[in-house]
Amino acid sequence: MSSSLETLNQWVEAVARLTRPDRIHWCDGSDAENAALIAQMQADGTLFKLNEQTHPNSYLHRSHPDDVARVEHLTFVCTPEREDAGPNNHWMAPADGHAQMDALFDGCMAGRTLYVIPYCMGPIDSPLSRCGVEITDSPYVVANMRIMTRMGAPALARIEREGTFVKGLHSIGELDPNRRYIMHFPEELTIKSFGSGYGGNALLGKKCHALRIASHQARSEGWLAEHMLILGIENPKGETHYIAAAFPSACGKTNLAMLIPPEGYLQDGWKITTIGDDICWMRPGKDGRLYAINPEAGFFGVAPGTSAKSNPNALASIQADTIFTNVGVTADNQPWWEGLDNGQTPVTDWQGQPYDPAVRPAAHPNSRFTVSAKRCPSYSPMAEDPQGVPISAIVFGGRRASLVPLVFETRDWTHGVLVGASMGSETTAAATGAVGVMRRDPMAMKPFCGYNFADYFAHWLSFDQPGAKLPKVFHVNWFRKGDDGKFLWPGFGDNLRVLEWMLKRVDGSAGAQETPIGNLPLTSELNLDGLSLSEEARNKLFGLDRAGWQAEFASIGEYLDEYGPRLPQALHEEQQRIAARLA
Ligand code: OXD
Ligand code: MN
């Protein structure tokens, strides 16, 4: 036996001694294994079969009502030095973290099966991919990991070849919010998660491995692990450019990744292809460009708001072979959520109670679908390319009702890093806590960066080296509102108009208006044909509110000061330079 398999066996044995399961099952990822788990969950009432005619092979899971989102206040990064986790993370000393977690895990799997899930994040034969093994006592987690990762025998074979893997230990415990923690030990490539079955807390390949542990690993290995979608844009000449875009959770990454071009663009031959909707791993290639893979194999998307109008590709994806979590159901057992707009009505809400809109929505605002990326009509074969795709533009964006224009281009990489580092957004239902509160969410990584943001910004800056051909960096805001509180920009498919302008800037075929905050589009060069935008919309989407930006830059300066002397001087200087130009 190879030494990595020995290490794995020893770890599984040690975990079994601690958690004391009745049985141990090594997952091979086969159809038969999946069918058996599904049957078992149907029998114990944790999974309900949906209408086989309308939604073949699809199921509904209802989680504990207190376990519906990520729990940022219970998520820790345990580095030997507190400063290495930074002010952006909750911290605990590794020994204390292990002691606290191991006390929770003690005997927790009695009467249960311990599942061992070998998985690979990224195409199985890609040098950019990384493997992990999750141990869990939740068959729901196994079924979801099978969709979200390359799970089973091929991953185990790669682990045997490669030698290293991330160790993730998970138990649903008693689903008690008072006995719930998600801890990361980046130096040990280890995750321990207890007391939650919710995706972001329990599918350890996703946020815990592919972002928190991977970002830490990426820093020492010279790459980036980011909370970004990746899409391809094919123009009428048949050329494809790839864009990576970071938006906070539940701000439309899935919709943008699967965008359907507006009518005129379709006729002209534009096409969008999807590489990923949530996570992007990128590293410089030999030619100096950044190459990206999507480490995931499926989508864990937000259901509410997904409709034939907002995201036809997502809706087509989830017609079969899908696990729905916390949605409502119709009388004939079809899944239903607010914003589905399909003319049907729910009879049962996400808690399994008769639907009464006065009591609660039919679907939880953070209800989800889990589906293989291969079911998505726009999924690109390039997503399986081991070399990844070259990135032409990086986009940052938040949910900002005021101040921030539709799009601007940053002047250079350092400015781009500052714009990413100072991103602000209104909070959403993807995490527990208040919704709609503006907070700084650098690179959309606030909940996910596995180390001190000051070091993370320095790592981003370090990519600007001789010979590097870095992507252009842009900022967008699809969420600007007018005085009447309504969105000013139509969004969805029409966002392609903005992406097209970015690509024109990349190839040098569009001009721009230089301003202190960056380069704004000339409205003559951003295609607005067929849109009826009011005078107010044009002013707010394409104009610069100088006084508002002065205040914003003062607030950005205060925010950056929270990182103290560890913050790269180049970012301070960039912030000061722009603040001075605005004054
Ligand atoms: C997600 C999230 O589930 O960001 O992708 O919360
Ligand atoms: Mn996400």
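Every number for a ligand or one of its atoms is a count from 1 in the order of the listing. Only this structure's heavy atoms are used, side chains among them; waters, hydrogens and symmetry mates stay out.
- With a cut-off of 2.8 Å, the Mn ion (ligand 2) has an N, O or S atom of K207 in range.
- Contacts of F448 with ligand 1, taken as heavy-atom pairs under 4.0 Å, involve the side chain alone.
- Considering backbone and side-chain atoms alike, R70 places an N or O below 3.5 Å from some N or O of ligand 1.
- Set against the non-hydrogen atoms of A430, the atoms of ligand 1 under 4.0 Å away are 6 (O).
- Nearest protein heavy-atom contact of atom 3 (O) of ligand 1 is R368 NH1, 2.9 Å.
- The residues R400 and E426 are annotated as not salt-bridged, no charged nitrogen and carboxylate oxygen being separated by less than 4.0 angstrom.
- Judged by the 6.0 Å distance and 45° axis criteria, K253 is not positioned over the aromatic ring of F247.
- Using a 3.5 Å distance cut-off with no hydrogens or angles, the side chains of D84 and N452 do not pair a donor with an acceptor.
- For the pair K374 and E296, the salt-bridge criterion is not met [side-chain N within less than 4.0 Å of a carboxylate O].
- K207 counts as a contact of ligand 1, since one of its heavy atoms falls under 4.0 Å from the ligand.
- With the Mn ion (ligand 2) as vertex, H227 NE2 and D278 OD1 subtend 90°, rounded to 10°.
- Under the 4.5 Å side-chain criterion, counting only non-hydrogen atoms from C-beta, N326 is in contact with R62.
- Every atom of ligand 1 is numbered from 1 in the order shown, and the set under 4.0 Å from a heavy atom of D278 is 5 (O).
- The contact set between ligand 1 and H227, taken as ligand atoms under 4.0 Å from a residue heavy atom, comprises 4 (O).
- When hydrogens are left out, the protein atom nearest atom 4 (O) of ligand 1 is S249 OG, 2.5 Å; that is the closest non-hydrogen contact.
- Residues S378 and T274 have side chains that bring a donor and an acceptor to within less than 3.5 angstrom of each other.
- The side-chain hydrogen bond (donor to acceptor under 3.5 Å, both in side chains) test with T325 is passed by exactly one of Y140, W350, Y198: Y140.
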